[in-house]
Undergrad: 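My questions all concern the structure below.
Quick note: numbers below take in every heavy atom, side chains included, and nothing from hydrogens, waters or symmetry partners. Protein chains get the first letters and strands the later ones, always in sequence-line order, with residue 1 at the start of each.
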Amino acid sequence: MDEKEQFGEGQAARRSFLGCLGTAVVGGAAAVAASAMLSNETRAAAVDAPPVPAIPGYDWSKHHWAFGVDATKCIGCLRCVEACKAENEVAPDAHHFRTWVERYVYLEGEDSARVDSQADPVNIEASGSEGKYRFANRYKDAKVDKAFFVPKLCNHCTHPACVQVCPTGATFKTDDGVVVIDHTYCIGCQYCVQACPYGARFFNEALKVTEKCTWCYHRITKGLLPACVEVCPVGARIFGDRNDKQSPISEFIKNNRVEVLKPETGNAPNVFYVGIDKEVS
Amino acid sequence: MPKHIVRLILLIVAFGVAVVSARNFLVDKSFYEYGHYRGNAVAEIARDKPKYQGTTYCQSCHAAQFAEWSKGVHDRTDIGKVVKCEVCHGPGGGRDPQQGYINASTGPIHPDNLKLAVPTDTRALCTLCHEQMPGRPLQQAQIVIEDHAGAQQCTLCHNPHSPRMIFGSLAAPAHPGNAAAGRDKIDMCASCHGAEGISAGLPGPTLAGQNEAYLVEALKAYKAGKRSNPMMTAMAANVNDGDIENIAAYFASLKCKRTVNAADQAALARKAGASVCTNCHGANGISTDGMAPNLIGQSKDYLANALKAYASGTRSNVVMFALTKGMSDVDAEKLAAYYASSSCK
């Protein structure tokens, strides 16, 4: 029996469509296979020298960055906070900070510290503007048992929880040890903001992406220091390459009993602290 | 195999291929190049232009400010404490604002299309680091602002680029004087200033132990008419130019022993409103670091008149003018009384 008669015009059209599809499938499969082979080839060719990102004059496989904070030296001048905002164009308001400084004050007879940061309304009033920062001298007449300042920033963890939860691969850890965000891939879901145990990430409402400290990746890859380290007048912030045993950070870690914040979370931070207290986390 | 099964398989394969090619097309080629992320993002993030330029950049054009700064207390590289130019003046570079996060490798740079600010409110600037505050490590030099500076700007007395250097500080005289030679030239001075340079009720002020450079300048000022007093102007006219340094050296070598301790006086000084003065004149009228004349051993009238002379401009000195201008007579008397209480033994 004639197929056409049996199935009618519609079936014939479907048949020829499927025929075309068959050809397309074969062709497509070939193309995919070819491209897979091709990329396998490039990968094989690169085995002896693994590819590195095209950053002029910089090879990330040669560096392993780390950061130190000596809280015993910090004078709470907040030059680091302002420099970070300027260098990274962070919104000049009292709600978005890539780095910040906390003040811990134990008053006589009190068991727990009073903690404030530059974003506290009292301190903003003292500075006179949301884009300028200074600690108000609010405890000058109080009976203070103990007080100190603690600079904070992203810990660039070895096992970063924020990277784990990112659904798009927009945040990642570079081979030289810096956790950064690819803002073209960030969809602004803010899982990472929730995941970070240190509150180091915040949402940029204007650009609808998450933002954080990058250790000034654009500076360190050019041989400069992060802006906050560059401006610190007392050397409370230390930065360097752990691959270089003479670097300031290697010396800092070697010569001090350093600790990290919230080690129990298992993130393994790479910001090492000296001179913090039981309540600092 | 039945035809419908073959078709089903073909459909599934077609779907798979469509997914794979869509993924190939949509996902960036550099994804997975180094890991589960877009490999090209790394170089893009690194591309930003740095804003802070560092002090060597400033040095190339502002050599004078740099030289002053690098010799001063704000460039203590040796102890790891450096207050860099851009901390006070702001970053020397900018970045072209671009849409979203297209990382910008271009931008303005000082001086061409970026002006840097000259801070005017140093009371706010310097005290960011120097205001006395719980929590600030003791190694950091700290002041109680009102006590230390009154209502003045820090730059009245401090050069911001080398803050230990005080404006109006007394430089050592060019020719060191000979005290023994000076002794022979002061017979006519004793009637008013005392044979031992201690005035104690005489018309002239105490000169014993006074800062040598200050005495030289004072005598020259009377001779040149820059400072005038009916008695002293006539006397100074009789002094030979060549004798000035010797006379100054002689009076400077005489002793005016303090009767009070600076430390015991601090609270009283604050009460008299003199805590700003103690920065230079000490709490007991003995100048710290030779930055100003001693006030010890002077009478209340002399001190009060001197303050009024500075305020009215008949005696000219930048620092003393700023501190006395607008000062009420009552306050001037109070300050004079405070320092007059410190006499020579």
Side-chain angles (χ1 to χ4, degrees), chain A residues 18 21-22 24-25 28-29 31-32 35 51 53-55 58 60 72-79 83 86-87 89 103-105 134-135 137 139-140 142 144 147-149 169-175 180-185 207 209 214 216-219 221-222 224 227 230-231 233-235, chain B residues 7 10-11 13-14 16-18 20-21 24 28 31-52 54 74 79-84 86-87 90-91 95 97 100-103 105 124 127-137 139-140 142 144-145:
Chain A
L18 285 178
L21 198 73
V25 165
V32 169
S35 84
I55 305 172
Y58 181 80
W60 75 356
T72 63
K73 289 190 180 153
C74 179
I75 59 173
C77 68
L78 298 170
R79 297 309 83 206
E87 181 70 49
E89 271 149 299
R103 167 165 64 182
Y104 290 74
V105 178
R134 89 177 286 146
F135 276 108
N137 208 350
Y139 299 108
K140 70 170 173 226
V144 177
F148 53 89
F149 298 99
T171 188
F172 54 95
K173 195 165 170 71
T174 61
D175 281 18
V180 291
I181 303 174
D182 173 0
H183 285 123
T184 56
Y185 262 38
L207 299 169
V209 293
T214 63
C216 285
Y217 200 63
H218 62 293
R219 294 179 62 90
T221 48
K222 297 182 181 73
L224 303 168
E230 168 78 15
V231 300
V234 290
Chain B
R7 286 171 188 161
L10 275 180
L11 260 179
V13 172
V17 168
V20 171
S21 18
N24 247 15
D28 191 276
F31 207 86
Y32 280 123
E33 197 175 351
Y34 315 113
H36 179 75
Y37 55 90
R38 198 168 57 90
N40 290 347
V42 181
E44 284 171 20
I45 292 167
R47 202 166 62 203
D48 268 352
K49 179 174 168 289
K51 287 187 171 177
Y52 283 83
H74 277 166
I79 55 168
K81 295 189 178 181
V82 183
V83 187
K84 295 183 180 155
E86 287 164 302
V87 172
R95 209 176 293 142
Y101 270 94
I102 314 298
N103 300 57
S105 55
T127 55
L128 282 168
C129 301
H130 291 294
E131 179 176 15
Q132 193 175 83
M133 187 181 284
R136 235 161 230 173
Q139 304 93 288
Q140 177 66 6
Q142 301 170 42
V144 176
I145 305 176

Undergrad: With a 4.5 angstrom heavy-atom cut-off, which part of A:Cys74 approaches chain B: side chain, backbone, both or neither?
TA: backbone
Undergrad: Under 4.5 Å heavy-atom distance to chain A, tell me which part of B:Asp28 shows up: side chain, backbone, both or neither.
TA: both
Undergrad: Which one wins on heavy-atom pair count under 4.5 Å against chain A: B:Gly35, B:Cys129, B:Ala18, B:Gly16?
TA: B:Cys129
Undergrad: Look at B:Gly54, B:Gly80, B:Gly90 and state which one has the largest set of heavy-atom pairs under 4.5 Å with chain A.
TA: B:Gly80
Undergrad: Counting only N and O atoms by type, is there a donor-acceptor contact under 3.5 Å from the side chain of B:Arg95 to the main-chain atoms of A:Glu89?
TA: no
Undergrad: So which part of A:Leu224 gets closer than 4.5 Å to some heavy atom of chain B, the side chain, the backbone, both or neither?
TA: side chain
Undergrad: Name the region of A:Tyr104, side chain, backbone, both or neither, that has any atom closer than 4.5 Å to a heavy atom of chain B.
TA: neither
Undergrad: Can you tell me which of B:Ile45, B:Val83, B:Val144 forms the most heavy-atom pairs within a distance under 4.5 Å of chain A?
TA: B:Ile45
Undergrad: Within the structure provided, determine whether B:Tyr34 and A:Phe172 are in side-chain contact (heavy-atom separation under 4.5 Å).
TA: no
Undergrad: Under a 4.5 Å cut-off applied to non-hydrogen side-chain atoms, are A:Val231 and B:Tyr52 in contact?
TA: yes
Undergrad: Using a 4.5 angstrom heavy-atom cutoff, name the option from A:Trp60, A:Phe148, A:Tyr58, A:Phe135 with the most pairs to chain B.
TA: A:Trp60
Undergrad: Distance from B:Met133 atom CE to A:Lys140 atom NZ, nearest 0.5 Å?
TA: 9.0 Å
Undergrad: Keeping the roles fixed (side chain from A:Lys222, backbone from B:Ala46), state whether a donor-acceptor pair exists under 3.5 Å.
TA: yes
Undergrad: Counting only non-hydrogen atoms closer than 4.5 Å, does B:Ser105 touch chain A with its backbone (N, CA, C, O), its side chain (CB onward), both, or neither?
TA: neither
Undergrad: Relative to chain A, which segment of B:Gln132 carries a heavy atom at a distance below 4.5 Å: side chain, backbone, both, or neither?
TA: backbone
Undergrad: Looking at NE2 of B:His130 and SG of A:Cys77, how far apart are the two atoms once the value is rounded to the nearest 0.5 Å?
TA: 9.5 Å
Undergrad: Does any backbone or side-chain atom of A:Val144 lie under 4.5 Å from a heavy atom of chain B? Answer side chain, backbone, both or neither.
TA: side chain
Undergrad: Specify which of A:Thr221, A:Thr214, A:Asp182, A:Ile75 makes the most heavy-atom pairs with chain B at under 4.5 Å.
TA: A:Ile75
Undergrad: Where does A:Tyr185 contact chain B at under 4.5 Å (heavy atoms): side chain, backbone, both or neither?
TA: side chain
Undergrad: So which part of A:Leu78 gets closer than 4.5 Å to some heavy atom of chain B, the side chain, the backbone, both or neither?
TA: neither
Undergrad: One pair to check against side-chain contact (heavy atoms from CB on, under 4.5 Å): B:Gln140 and A:Lys73. What are the steps and the verdict?
TA: CA-CA 9 Å; B:Gln140 177 66 6; A:Lys73 289 190 180 153; over 6 Å; no
Undergrad: Apply side-chain contact (heavy atoms from CB on, under 4.5 Å) to B:Val42 and A:Tyr217, showing your working.
TA: CA-CA 9 Å; B:Val42 181; A:Tyr217 200 63; 3.7 Å; yes
Undergrad: Backbone N or O of B:Ala124 within a donor-acceptor pair of the A:Arg134 side chain at under 3.5 Å?
TA: yes
Undergrad: Is any side-chain heavy atom of B:Pro50 closer than 4.5 Å to a side-chain heavy atom of A:Glu87?
TA: yes
Undergrad: Less than 4.5 Å to any heavy atom of chain B: does that hold for the side chain of A:Thr171, its backbone, both, or neither?
TA: neither
